[in-house]
Amino acid sequence: MATTIAASITSSSEITEFVISKGNGVKGLSEMGLKSLPKEYIQPLEERMSMSQIMPQESIPIIDMSSWDDPNVAESICNAAEKWGFFQITNHGVPIEVLESVKEATHRFFGLPAEEKRKLLKENSPSNNVRFGTSFNPEAEKALEWKDYLSLFYVSEDEASALWPPVCRDQVLEYMKSSEAVIKRLLEALMKRLNVKEIDEMKESVLMGSKRINFNYYPTCPNPELTVGVGRHSDVSTLTILLQDDIGGLYVKGDNDRWIHVPPVSGSLVINVGDALQIMSNGRYKSIEHRVAANGSKNRISVPIFVHPRPCDMIGPFPEVLEGGEKAAYKQVLYSDYIKHFFSKAHDGKNTVEFAKI
Ligand code: OGA
Ligand code: NI
């Protein structure tokens, strides 16, 4: 029966209706056993991943956080944030059981019937802070991305309890709580190198005043080489803390426009610098372009926490960074304007940050 439905969904409007409006997502398409990729997902050549662009011998740093007080740990974190913009951490203090239960909650959410998930589409969701969707920005994209997501913006525990889907709410809240300490430690280390000695209330707000957590689902894809899971982009966060499962597929841009795989390391978290931190550090820490390849044989999930300023914060290079006479490379921008700009277009590599350049 699945193939009959698959065979009957061929026109562009039927795909859009089935995947986007009906809430089936690409997961629904994938589960029908499609033999070939619908043309809406075919990316232009320059956006596809090819083996020749990959540097198999390179890897981003893996930092063991168990002896946190050792200055070498802080040093490795800052070096990695300056050079790579990406690193993995192990022994970070978030219990493995918490990570496992978030992954299970992610599978539970995507396992809900389409009718349930559809209630959380942009046009149906009772709150702007809870959204189920597919691709990144279908209205603005020339080619769609092979990914479904649930996005939860954290305002308060009460709001989350009232509005977040019960199948995953408690696990997500637990994960956010237990990752708080490591996030603070990372930021403290990074601030020290910028000559910011104390994270006062205002700094705390611009560094970590709000959070968004996403569940990403990348279902098995019939022609993975023709499309992408997520296109080239940098994150708009201060820091992103990403939990990935054991499938792999995340690539980070390295030297000479080549791509480095971020291999799954059991129990680890992937950390990356986002645009907000690049701006606040006046370019010292780098928000690096990354992308996710589609997979021809496996379903993959990932769970990023985007730690960022409050929407009402103005962000710009910290005065401490400019103290020595360094020229500001970025102007002050209202963070909600920055976010609006990011979400108004398709993924386009590192272009978002131009919005804040002087
Ligand atoms: C993102 C992202 C990477 C991944 O959601 O911004 O880059 O591995 N995800 O899913
Ligand atoms: Ni990202």
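For ligands, and for the atoms within them, numbers begin at 1 and follow the listed sequence. Because the structure is a prediction, the values reported are computed rather than measured.
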*Charged tip of Lys203 within 45° of Phe318 ring normal and under 6.0 Å*: yes
*asked:* Of all the N, O or S atoms in Asp235, which has the shortest distance to the Ni ion (ligand 2)?
replied: OD1
_For the aromatic rings, using the six-membered ring if either is Trp, is the centroid distance between Phe136 and Phe342 under 6.0 Å?_
yes
*Output yes when the distance from some N or O of ligand 1 to some N or O of Lys147 is under 3.5 Å, and no in every other case.*
no
*Region of Asp235 engaging ligand 1 - heavy atom pairs below 4.0 Å*: side chain
*Which bit of Arg300 gets closer than 4.0 Å to ligand 1, counting heavy atoms only: side chain, backbone, both or neither?*
side chain
*Residue and atom name of the nearest protein heavy atom (relative to atom 5 (O) of ligand 1), distance in Å to one decimal*: Asn216 ND2, 3.3 Å
Are the side chain of [X] and the backbone N or O of [Y] linked by a donor-acceptor pair below 3.5 Å?
X	Y	result
His92	Gly267	yes
Asp64	Ser66	yes
Arg300	Tyr218	no
Lys27	Phe110	yes

Check for me whether [X] has a heavy atom closer than 4.0 Å to any atom of ligand 1.
X	result
Val230	no
Asn214	no
Gln244	no
Phe306	yes
His233	yes

_If the cut-off is 4.0 Å to any non-hydrogen atom of Val292, which atoms of ligand 1 fall inside it?_
3 (C), 4 (C), 8 (O), 10 (O)
*Atoms of ligand 1 less than 4.0 Å from Pro304 heavy atoms?*
5 (O)
*asked:* For Val130 versus Ser125, what's the shortest heavy-atom pair and its separation?
replied: O-OG, 2.7 Å
*asked:* Pair His290, Tyr251 - check ring-ring contact (aromatic ring centres under 6.0 Å, His included), show working.
replied: CA-CA 6 Å; His290 52 285; Tyr251 290 85; over 10 Å; no
